[in-house]
Number of protein chains: 2
Amino acid sequence: MGPVNSATWSLLLDGAEIILREEGYASLTSRRIAERVGIKQQLTYYYFRTMDELMVAAFRRLSKRELARLQSALSSDFPLHEFWSVCSNAGDARLISEFMALAHRSEGVKREVVDFIERSRRMHTRAIAKSIKNARKKSGIAALSPVALAFLTTSIALALTRESALGIRSAHREILDLVKQGLSALEPDAAQTKEPIRRFR
Amino acid sequence: MGPVNSATWSLLLDGAEIILREEGYASLTSRRIAERVGIKQQLTYYYFRTMDELMVAAFRRLSKRELARLQSALSSDFPLHEFWSVCSNAGDARLISEFMALAHRSEGVKREVVDFIERSRRMHTRAIAKSIKNARKKSGIAALSPVALAFLTTSIALALTRESALGIRSAHREILDLVKQGLSALEPDAAQTKEPIRRFR
DNA sequence: GTCTATACACCGATAGAC
DNA sequence: GTCTATCGGTGTATAGAC
């Protein structure tokens with residue numbers, strides 16, 4: 001069994017991410033990955049016992065990276081604005097949504113995905129709670145609990161990216177304005193210092 | 001080429017739906033469908049030229065049925081409550097989400113999916129607009145345009161079903177109460193006459 | 001309309017040479 | 001650690017008998 005984090009090990013996971021992004025999980029095969037990164041198919045089984053193990057490893061690496069990215073967003077000057085920006089990244093959203101689909105087909109992947117969602121929601125919730133407490137004048141948004149706001153934010157980000165990928169645009173502009181308004185209510189200074197978030201046309 | 005809407009033709013699409021629901025789109029193969037409904041694999045190609053054609057036909061049939069279901073919901077006494085109830089049906093949500101994933105891999109499916117989303121959103125938007133106009137006292141919810149409310153409703157329904165399928169429950173109770181409250185603001189009489197919607201524990 | 005037979009490509013996975 | 005060779009299984013799709 002090949003060593004974790006070695007060069008070829010990482011290369012295989014890189015290939016897995018590329019395939020998932022570009023072609024979806026149905027094309028996530030050892031042959032396709034190997035072909036994409038220029039190695040022999042059978043080498044896959046030196047580093048991973050089964051394809052399922054590879055998928056779990058791929059998501060675990062992605063999850064680690066994504067949680068670090070979210071954590072660093074939450075450590076910035078405008079945590080909620082930055083968190084939203086990370087959530088709205090189309091490439092990673094696509095990747096995570098492919099893994100969510102895979103979660104229905106692999107117990108191992110499912111465990112990791114659930115763990116990731118719960119962790120990121122907890123982080124997000126704590127940050128929202130802090131922002132609400134710090135906000136000078138309470139806006140109507142504080143009628144909702146932090147965890148509900150966290151759920152809504154990520155749900156909206158995912159729906160926007162998914163529909164954008166299909167070419168659907170109806171209501172997007174208004175929803176985006178609404179989110180921006182909500183974020184600015186919780187982080188008032190961000191509106192002046194940062195340019196408007198414009199991720200969807 | 002076998003006749004559309006014949007018994008075996010329908011049987012094949014039934015099988016396709018079952019496979020999609022139970023195993024996801026990666027398992028949507030002619031062998032698996034045929035095995036599931038008890039016919040020979042090769043017969044698939046008497047009714048459909050390619051698997052892609054079968055998928056498009058399957059979604060078209062589902063889309064028709066679903067739009068009819070939504071339309072009939074909107075013709076009921078409490079259109080928005082009923083629409084929400086249909087959207088929150090776990091089985092159909094799963095099916096539609098599998099087709100959305102398939103849309104990334106098939107131009108034909110993509111066209112049908114986009115058409116379905118746009119049609120259902122238009123129907124939903126019109127119904128919301130009508131309810132807002134009819135509502136006696138305007139609630140805070142009317143600050144949002146009908147199409148934005150339509151987007152939010154379906155996004156929330158999809159996110160709730162997806163997370164429920166994974167076993168995640170955080171914030172669900174509160175979000176469900178929020179939706180119920182919004183629906184009741186637009187359709188005030190429904191609260192008394194119908195029992196509370198309780199689709200997620 | 002449904003069947004058998006069959007083509008050819010791709011899949012996961014293993015054995016063993018170097 | 002990477003390679004060649006190879007297995008049995010499954011995938012789409014076609015030809016042709018009944």
Side-chain angles (χ1 to χ4, degrees), chain A residues 1-20 22-59 98-99 101-110, chain B residues 1-20 22-59 98-99 101-110:
Chain A
M1 200 63 17
V4 168
N5 284 322
S6 64
T8 309
W9 183 91
S10 297
L11 203 61
L12 281 164
L13 297 195
D14 292 345
E17 285 192 16
I18 293 170
I19 300 292
L20 278 180
E22 294 180 355
E23 310 177 38
Y25 78 84
S27 300
L28 191 66
T29 69
S30 58
R31 285 178 211 267
R32 217 126 169 85
I33 293 172
E35 182 191 26
R36 195 57 162 77
V37 298
I39 61 175
K40 295 288 163 185
Q41 174 257 334
Q42 298 92 328
L43 195 50
T44 310
Y45 297 94
Y46 176 69
Y47 288 93
F48 305 95
R49 276 193 332 157
T50 62
M51 278 303 292
D52 194 79
E53 218 171 67
L54 180 146
M55 295 178 211
V56 172
F59 187 78
E98 286 296 332
F99 275 113
L102 263 173
H104 290 295
R105 308 172 43 80
S106 154
E107 258 314 306
V109 172
K110 178 173 169 172
Chain B
M1 199 66 15
V4 168
N5 283 323
S6 64
T8 309
W9 183 92
S10 297
L11 203 61
L12 281 165
L13 297 195
D14 292 346
E17 285 192 14
I18 293 169
I19 300 291
L20 278 179
E22 295 179 355
E23 310 177 38
Y25 78 83
S27 300
L28 191 67
T29 69
S30 57
R31 280 187 213 264
R32 222 144 170 84
I33 294 172
E35 182 190 24
R36 195 58 161 78
V37 298
I39 61 175
K40 294 289 161 185
Q41 173 259 331
Q42 298 92 328
L43 195 49
T44 309
Y45 296 93
Y46 174 70
Y47 288 93
F48 304 94
R49 275 192 335 155
T50 62
M51 278 304 292
D52 193 79
E53 217 170 68
L54 180 146
M55 295 179 215
V56 172
F59 187 78
E98 285 297 331
F99 275 114
L102 263 173
H104 290 294
R105 309 171 44 78
S106 155
E107 257 314 305
V109 172
K110 179 173 169 171

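As the structure is a computational prediction, the values presented were derived from the model and not from experiment. We name chains A, B, ... by the order of the sequence lines, and we start the count at 1 in each one.
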Interatomic distance where [atom1] belongs to [X] and [atom2] belongs to [N] [whole Å]:
X: Glu35(B); N: dT10(D); atom1: CD; atom2: C1'; answer: 11 Å
X: Leu54(B); N: dT12(D); atom1: CG; atom2: P; answer: 10 Å
X: Asn5(B); N: dG1(C); atom1: CG; atom2: C1'; answer: 17 Å
X: Leu12(A); N: dA13(C); atom1: CG; atom2: P; answer: 14 Å
X: Phe48(B); N: dT2(C); atom1: CZ; atom2: P; answer: 12 Å
X: Ile33(B); N: dG11(D); atom1: CD1; atom2: P; answer: 10 Å
X: Met1(B); N: dA15(D); atom1: CE; atom2: P; answer: 12 Å
X: Glu53(A); N: dG12(C); atom1: CD; atom2: P; answer: 14 Å

Have a look at [X] and say if it touches a base, only the backbone sugar-phosphate, or nothing, with a 4.0 Å heavy-atom cut-off.
X: Tyr47(A); answer: sugar-phosphate
X: Thr50(A); answer: sugar-phosphate
X: Thr8(A); answer: sugar-phosphate

Could you tell me whether the side chain of Ser27(A) reaches within less than 4.5 Å of the side chain of Arg105(B), counting heavy atoms only?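 Side-chain contact under 4.5 Å: yes.
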
A side-chain contact here means heavy atoms from C-beta on lying under 4.5 Å apart; do Ile33(A) and Ile18(A) qualify?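 No - every pair of side-chain heavy atoms lies 4.5 Å or more apart.
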
Which of these nucleotides, dT12(D), dT2(D), dT2(C), is closest to any side-chain atom of Tyr45(B)?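 The closest nucleotide is dT12(D).
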
Just to confirm, is there a sub-4.0 Å distance from OP1 or OP2 of dG1(D) to any side-chain nitrogen or oxygen of Tyr46(A)?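 Answer is yes, contact under 4.0 Å.
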
Each nucleotide in nucleotides 6-11 of chain C should get exactly one letter: B, S or -. Can you fill that in based on protein heavy atoms under 4.0 Å? B----B

With rounding to the nearest 0.5 angstrom, report the [atom1] to [atom2] distance, [X] to [Y].
X: Ile19(A); Y: Glu22(A); atom1: CD1; atom2: CD; value: 6.5 Å
X: Glu17(A); Y: Glu98(A); atom1: CD; atom2: CD; value: 12.5 Å
X: His104(A); Y: Tyr25(B); atom1: NE2; atom2: OH; value: 11.5 Å
X: Leu11(B); Y: Arg36(B); atom1: CG; atom2: CZ; value: 11.0 Å

Upstream residue (5' side of DNA chain C) when Ser6(B) and Lys40(B) are each assigned their closest nucleotide: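 So the residue in question is Ser6(B).
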
Contacts table for residues 40-48 of chain B: side-chain donor-acceptor under 3.5 angstrom, sequence neighbours left out:
from     : atom 1 : to       : atom 2 : distance (Å)
Gln41(B) : NE2    : Ser30(B) : OG     : 3.3
Thr44(B) : OG1    : Gln41(B) : O      : 2.7

